[in-house]
Visitor: 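Got a structure for you, written out below as structure tokens; questions coming shortly.
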Amino acid sequence: MSPERERELLASVPTQLFIGGRWRDAAGGRTFDVQDPATGQTIASVADGTSEDAMAAMDAAAAAQSSWALTAPRTRAEILRSAFEILTRRTEDFALLMTLEMGKPLAEARGEVAYGAEFLRWFSEEAVRDYGRFTNSPEGKNRILVQRKPVGPCLLITPWNFPLAMVTRKVAPAIAAGCTMILKPAKLTPLTAQLFTEVMIEAGLPAGVLNLVAGTSAASISGAVMKDPRLRKVSFTGSTEVGKRLLSDASGNVLRTSMELGGNAPFIVFEDADLDKAVEGALIAKMRNMGQACTAANRFLVHESVEREFSQKLSLAVQGLKTGRGTDPENKVGPLISEDARRDVHALVEGAVWDGAEILTGGSVGAGEGYFYAPTVLSNVPPKSQILQTEIFGPIAPVTRFHNEDEAVVLANSTQYGLAAYVYTADFNRGQRLSDKLEFGMIGYNTGALSNAAAPFGGVKQSGLGREGGAEGISEYTTTQYMALPDP
Ligand code: NAD
């Protein structure tokens, strides 16, 4: 990728706030810098939204809500479909932009564009399936008419690790349901959301429906809006820690909430599993996005009889992954998002080694510029080691052994999180037994890839509340209203 192409793309990204159908500077005129994590260089400066801007966005969202709720579902569907087409046509722009601001390799970034765009298409198809219900009351005296209505203006807060898909996964169902919204992207990766807003404008979204407020003070943006009684919902994707704070803030106005929080996914490999397939799945579930995914395999639980073989095969496969700036197609593993992230990951590796783990490959901080960390495989990690208790968010695969199925289930469930789990076994009955016993919202059975716009994405326990995607996704943005009809 040529430096001119990068400069040209960056120069084309809008950097202001988008409120009430108009691009504008932040109140006070401040901006903040966005870095390329592969170089540490500043690549753009974006308007730094304040609580005052957030309130202007609230005004715009509230003003647009009633007319937007009354638009025909087909109109909303066609805007989403058109956005899908525009985004797909601009795949290369969005892919490169994500590689530049977030670091993921271009091939993965293209995959995220396809996945992110799919939410626009999926919810364009869901928008017109706005089913209500009509029933006779059990007494046979009157009738019950139920319709679904949009919940109202929403605050959508997204993380940095999937700068496009986490945005479309919220914006698309909100549009489909007839909600207006204020979008607050992560300060580390606002550019993708900025460019995506342009796509929605081109697709014909009316003024005030989508308002974009990026900024460095997330709490002052969310705090101002969440105290306003016109806001009806907050949908958040991010860490469990921040999610809990927002749940508490949401209680003030009794807001509807959707919380897509952290994960600590077990990746269980039984003695009858196809180990080559398991390694293939492990590379996807672990190394994609440099391990910075809420669904990332975090704890490799492998039957004692195949642990050594699996660890060695995985280690060999990981050694084949070239690390470097994601713009070079040769590179399969990009940088971590920041120096802090890299320091935390390295501390977890050092702690595991201190606890008795063995480094099979990796375990070192990358030399030179950027926040690179060598893809790492650790074996013999003791179950109590800190690295197995926390979300690693890095390209580290810690492997530990189990003796039998019951122990595997106990180890897998021994976490506060309950987002994703992966199970590799040739025995389908065992796969089904495991899905009954595992306390996770999503299970990959002999596959390391889970995400699909048509499936309900979400977790249990401290991984969150609600689902995104699937038939469930739109109902997060609707409420029911029932009308009692008299006996004719
Ligand atoms: P984060 O919680 O630090 O930030 C997420 C978003 O919340 C950002 O936009 C941030 O600016 C904002 N935020 C931070 N503090 C806030 C506050 N006090 N009030 C309001 N908003 C605030 O998370 P992150 O580091 O951006 O993302 C990584 C986390 O996201 C990981 O825990 C990961 O597992 C989780 N995640 C979950 C899913 C899922 O679907 N379950 C998907 C992707 C990421």
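Excluded from the calculations below are hydrogen atoms, water molecules and symmetry mates; all remaining heavy atoms, backbone and side chain alike, are included. In listed order, ligands and their atoms are each counted from 1.
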Visitor: Identify the protein heavy atom lying closest to atom 13 (N) of ligand 1, giving its residue, its atom name and the separation to 0.1 Å.
Guide: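 Going by distance alone, atom 13 (N) of ligand 1 is nearest to A218 CB, 3.5 Å.
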Visitor: Can E241 and R245 be counted as an ion pair, charged N to O under 4.0 angstrom?
Guide: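 Judged by the 4.0 Å cut-off on N to carboxylate O distance, E241 and R245 do form a salt bridge.
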Visitor: To check your reading of the model: name the closest protein heavy atom to atom 7 (O) of ligand 1, its residue, and the distance in Å.
Guide: F236 CE1, 3.1 Å
Visitor: Assess whether side chain to side chain contact (heavy atoms under 4.5 Å, CB included) is satisfied between L348 and T390, documenting all intermediate values.
Guide: CA-CA 9 Å; L348 285 173; T390 357; 3.8 Å; yes
Visitor: Would you say F162 contacts ligand 1, with heavy atoms under 4.0 Å as the rule?
Guide: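 Contact check F162 vs ligand 1: negative.
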Visitor: Kindly say whether L411 contributes a backbone atom to a donor-acceptor pair with the side chain of R299 at under 3.5 angstrom?
Guide: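 It does hold such a pair.
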Visitor: Would you mind listing which atoms of ligand 1 come within a distance below 4.0 Å of any non-hydrogen atom of G262?
Guide: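 Listed by number with element, the hits are 32 (O), 34 (O).
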Visitor: Quick test: of every protein heavy atom, which one is nearest to atom 36 (N) of ligand 1, and how far off is it to 0.1 Å?
Guide: C294 CB, 3.6 Å
Visitor: Check whether more than 12 heavy atoms from other residues, nucleotides or ligands sit under 6.0 Å from atom NZ of K461, and answer yes or no.
Guide: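 Yes, enclosed.
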Visitor: Looking only at heavy atoms of R169, does any of them come nearer than 4.0 Å to an atom of ligand 1?
Guide: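 In this structure, R169 qualifies as a contact of ligand 1 - some heavy atom is under 4.0 Å.
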Visitor: May I ask which of V225, L261, L188, D249 has a heavy atom nearer to atom 37 (C) of ligand 1 than the others do?
Guide: L261
Visitor: Heavy atom to atom 33 (C) of ligand 1, shortest distance: which of Y417, F457, F393 holds it?
Guide: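 It is F393 whose heavy atom sits nearest to atom 33 (C) of ligand 1.
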Visitor: Under a 3.5 Å cutoff, is there a donor and acceptor pairing between the side chains of Q462 and K244?
Guide: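 Checked: Q462/K244 side chains pair up, N/O donor to acceptor below 3.5 Å.
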Visitor: For atom 35 (C) of ligand 1, which candidate among G238, A293, G243, P163 provides the closest heavy atom?
Guide: G238
Visitor: Show me which atoms of ligand 1 lie under 4.0 Å from any heavy atom of R245.
Guide: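 Counting from 1, the qualifying ligand atoms are 18 (N).
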Visitor: Under 4.0 Å from a heavy atom of M166: which atoms of ligand 1 are those, numbered in the order shown and with their elements?
Guide: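 Within the 4.0 Å cut-off of M166, ligand 1 contributes 42 (C), 43 (C).
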Visitor: Could you note down all residue pairs passing salt bridge (Lys or Arg N to Asp or Glu O under 4.0 Å) where residues 248-266 supplies at least one of them, sequence neighbours left out?
Guide: none
Visitor: What residue and heavy atom of the protein are closest to atom 23 (O) of ligand 1, and at what distance?
Guide: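 Going by distance alone, atom 23 (O) of ligand 1 is nearest to S239 N, 3.5 Å.
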Visitor: Give the atoms of ligand 1, by number and element, whose distance to some non-hydrogen atom of N161 is under 4.0 Å.
Guide: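 Every atom of ligand 1 under 4.0 Å from some heavy atom of N161: 43 (C), 44 (C).
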Visitor: For E6, check salt bridge (charged side-chain N to carboxylate O under 4.0 Å, His left out) against everything at least two apart and list the hits.
Guide: R325
Visitor: Under 3.5 Å, is there a donor-acceptor pair linking the side chains of S235 and Y477?
Guide: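 There is such a pair (donor and acceptor under 3.5 Å, judged by atom type) between the side chains of S235 and Y477.
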Visitor: Determine the sole option in F300, F267, Y445 for which the ring pair (Phe, Tyr, Trp, His ring centres under 6.0 Å) test with Y424 is passed.
Guide: F267
Visitor: Which protein non-hydrogen atom lies closest to atom 34 (O) of ligand 1, naming both residue and atom, and how far is it?
Guide: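 Nearest neighbour among protein heavy atoms for atom 34 (O) of ligand 1, to 0.1 Å: E391 OE2, 2.3 Å.
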Visitor: Looking only at protein heavy atoms, identify the closest one to atom 24 (P) of ligand 1 and say how far it is in Å.
Guide: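 The closest one turns out to be W160 NE1, 3.4 Å.
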Visitor: Do me a favour and list the nearest non-hydrogen protein atom to atom 10 (C) of ligand 1 with residue, atom name and distance?
Guide: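 The closest one turns out to be K184 NZ, 3.8 Å.
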Visitor: Tell me: protein heavy atom nearest atom 20 (C) of ligand 1, and distance?
Guide: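 Sorting protein heavy atoms by distance from atom 20 (C) of ligand 1 puts S222 OG, 3.1 Å first.
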Visitor: At less than 4.0 angstrom from any non-hydrogen atom of A219, what atoms of ligand 1 do you find?
Guide: 18 (N), 19 (N)
Visitor: Measure from the side-chain N and O atoms of E476 to the backbone N and O of R467, and report whether any donor-acceptor pair falls under 3.5 Å.
Guide: yes
Visitor: List ligand 1 atoms under 4.0 Å from T158, heavy atoms only on the residue side.
Guide: 6 (C), 8 (C), 9 (O)
Visitor: If only side-chain N and O atoms count, and only distance matters, is there a donor-acceptor pair under 3.5 Å linking E391 with N264?
Guide: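 No, no side-chain donor-acceptor pair sits under 3.5 Å.
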Visitor: Can you check whether S451 reaches E112 side chain to side chain, under 4.5 Å on heavy atoms?
Guide: no
Visitor: From the options L156, V242, T237, select the one whose nearest heavy atom is closest to atom 5 (C) of ligand 1.
Guide: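 The nearest heavy atom belongs to T237.
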